[in-house]
Enquirer: 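The structure follows.
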Number of protein chains: 2
Amino acid sequence: MTTSKVYIETFWKIHRMIEESGLQPGDRLPSERELADRLRVGRSSVREALRALELLGLIETRRGEGTFMKPFGDHQLIQLLGSFILQGNREKRDLIETKIFIERICLQLACERLTDEKLELILQTEHTYHSFFRRIVQATDNYLLLRIWLVLSDFFEHVYTVELPSECYEQMCKALQKRSCEEAIAVYEQYVMQKMSKEN
Amino acid sequence: MTTSKVYIETFWKIHRMIEESGLQPGDRLPSERELADRLRVGRSSVREALRALELLGLIETRRGEGTFMKPFGDHQLIQLLGSFILQGNREKRDLIETKIFIERICLQLACERLTDEKLELILQTEHTYHSFFRRIVQATDNYLLLRIWLVLSDFFEHVYTVELPSECYEQMCKALQKRSCEEAIAVYEQYVMQKMSKEN
DNA sequence: GAAGTTAAGTGGTCAGACCAGTGGGCCGCT
DNA sequence: AGCGGCCCACTGGTCTGACCACTTAACTTC
């Protein structure tokens with residue numbers, strides 16, 4: 001028989017419960033004992049399921065208090081995965097290369113899709129590398145691309161610290177205003193590509 | 001006091017054990033009972049640690065047989081995370097768009113980096129969409145890019161079934177032989193882009 | 001009213017039991 | 001000798017009940 005494992009089923013049941021009851025970040029989940037009782041499984045199975053949810057960064061457990069929904073965005077798994085994946089130089093080179101490709105694409109897309117309000121927002125702010133490209137990637141209006149970039153960026157910042165001179169952001173902003181994707185990419189390549197090739 | 005959790009410590013102990021004893025994919029780990037015994041912790045803590053390793057895609061457990069090292073590359077976690085992210089139509093549109101960007105980049109990179117042997121391999125084989133682009137992405141010699149593409153492709157094939165006429169592959173192969181990245185991308189865009197815009 | 005005490009509830013951990021598969025060794029048959 | 005079948009030891013999977021460490025809130029006491 002395909003007697004699927006209880007802790008896997010429990011994982012999905014809890015996941016569904018979270019969705020259906022519309023739990024928000026900060027909200028408390030039922031206690032382990034109550035979950036075990038409600039789902040008719042042992043407490044150890046509930047715990048193994050909760051560990052998975054915790055690793056995914058969906059929940060957080062506080063001893064003596066309970067289990068709580070975590071705000072999106074801070075995924076445990078990134079640190080963990082990073083420490084497993086990013087061990088050799090080969091991997092770091094791949095990371096830099098891939099991150100650059102994504103950013104170049106996003107720069108191009110942003111030029112095409114950037115709304116005027118979002119452009120204003122970008123122009124007004126003082127920028128760091130992260131904040132600037134986060135805005136750029138968000139401007140692409142492609143959530144998946146944003147997710148991928150966030151993961152790559154997270155890995156990256158675990159390994160390197162890179163900042164660009166402010167005139168770089170200014171020049172890219174000008175290009176964005178003109179909606180000139182060639183110019184934006186040219187600036188990007190001029191500053192970023194050479195900087196990265198040193199790191200590598 | 002910082003009484004850090006046993007299952008976390010156990011996780012890292014097992015992880016270190018794996019590294020130090022140089023376990024290879026396919027090798028067997030000690031049984032749960034023996035691990036608990038050796039590390040002086042309860043079996044349930046060992047299990048919670050093993051669940052984390054399993055979720056990360058590092059090990060695989062087979063009831064009645066034992067716990068085994070898994071080949072690198074298939075990280076459960078990424079897949080799992082994906083199933084949380086990819087739910088609406090908005091996400092599907094993003095998926096298609098992102099997948100196309102990645103494939104276009106890889107096509108370009110492949111043109112530059114493709115070795116003669118790998119080219120031969122591609123030319124000789126009868127291709128499906130998946131097998132062709134898998135070869136292309138592999139030819140970029142960027143493992144991270146390959147992993148991202150595999151995940152996207154995996155999602156994609158859960159939602160759509162797309163195949164291209166064989167002349168498309170033939171034309172791309174010709175372009176690859178000539179190392180003409182413009183031509184390869186032109187063919188790609190001609191066949192794929194329009195096909196995808198229908199699906200969307 | 002404020003400070004200290006207590007009790008109930010929570011996650012963290014352990015030990016022990018049983019179930020359900022797997023695999024190897026042993027036995028007896030042909 | 002070779003084959004088939006049985007059995008048993010071992011594995012992961014699950015449940016239970018117990019205890020610890022910690023938090024919170026209600027209660028008591030001053």
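Scope of the values below: all heavy atoms of this structure, side chains included, with no hydrogens, waters or symmetry mates. Since this is a predicted model, take the numbers as computed values, not measurements. Order of the sequence lines fixes the chain letters, A, B, ..., with proteins taken first and strands second; residue numbering starts at 1 for each chain.
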Enquirer: How many Å lie between CZ on A:R40 and P on D:dT14, as a whole number?
Expert: 18 Å
Enquirer: Let me know the distance between CZ of B:R62 and C1' of D:dT11, rounded to the nearest Å.
Expert: 12 Å
Enquirer: Nearest-Å distance, NZ (A:K5) to P (D:dG12)?
Expert: 11 Å
Enquirer: Could you check how far CD of A:E32 sits from P of C:dA8, rounded to whole Å?
Expert: 21 Å
Enquirer: Does a distance-only test, which skips hydrogens and angles, find a donor-acceptor pair under 3.5 Å between the side chain of B:R33 and the base of D:dG12?
Expert: yes
Enquirer: Establish, with yes or no, whether the OP1 or OP2 oxygen of C:dG12 is under 4.0 angstrom from a side-chain nitrogen or oxygen of A:T61.
Expert: yes
Enquirer: Is the cationic atom of B:R62 (NZ for Lys, CZ for Arg) positioned less than 6.0 Å from the six-membered ring centroid of B:F68 and within 45 degrees of its normal?
Expert: yes
Enquirer: Using whole Å, report how far CD1 of A:I59 lies from C1' of C:dT10.
Expert: 14 Å
Enquirer: Look at B:T67 and D:dG12 and indicate whether a side-chain polar atom (N or O) is within less than 4.0 Å of OP1 or OP2.
Expert: yes
Enquirer: Side-chain N or O of A:R51 less than 4.0 angstrom from OP1 or OP2 on C:dG12?
Expert: yes
Enquirer: Select from A:R43 and A:V46 the residue whose nearest nucleotide in DNA chain D is closer to the 5' end of that strand.
Expert: A:V46
Enquirer: Measure the distance from CG on A:L39 to P on D:dT14 and round it to the nearest whole Å.
Expert: 14 Å
Enquirer: How many whole angstroms separate atom CG of B:L53 from atom C1' of D:dG12?
Expert: 15 Å
Enquirer: Using the rule given for salt bridge (charged side-chain N to carboxylate O under 4.0 Å, His left out), can you reason through A:R104 versus A:E189, listing the C-alpha separation, both sets of side-chain angles and the distance that settles it, and then say yes or no?
Expert: CA-CA 8 Å; A:R104 197 155 42 180; A:E189 292 188 343; 2.4 Å; yes
Enquirer: Has B:S44 got a side-chain N or O lying under 4.0 Å from the OP1 or OP2 atom of C:dT13?
Expert: no
Enquirer: Can you check the B:E48 CD to C:dT13 P distance for me, whole Å?
Expert: 7 Å
Enquirer: Pick the nucleotide of DNA chain D nearest each of A:Y7 and A:E65; which residue has the one closer to the 5' end?
Expert: A:Y7
Enquirer: Find out whether B:K13 and B:M17 are in side-chain contact, i.e. whether some heavy atom of one side chain is under 4.5 Å from a heavy atom of the other.
Expert: no
Enquirer: Touch check for A:G64, heavy atoms < 4.0 angstrom, all strands: base, sugar-phosphate only, or nothing?
Expert: base
Enquirer: Look at the side chain of B:R63 and decide which nucleotide, out of C:dT10, C:dT13, D:dG12, has an atom nearest to it.
Expert: D:dG12
Enquirer: Determine, stepwise, if the pair B:E60 / B:K70 fulfils salt bridge (charged side-chain N to carboxylate O under 4.0 Å, His left out).
Expert: CA-CA 6 Å; B:E60 172 186 20; B:K70 232 174 146 177; 5.9 Å; no
Enquirer: Reckon B:R47 has a side-chain N or O less than 4.0 Å from the OP1 or OP2 of D:dG12?
Expert: no
Enquirer: One pair to check against side chain to side chain contact (heavy atoms under 4.5 Å, CB included): B:E54 and B:R51. What are the steps and the verdict?
Expert: CA-CA 5 Å; B:E54 190 177 26; B:R51 285 298 76 69; 2.8 Å; yes
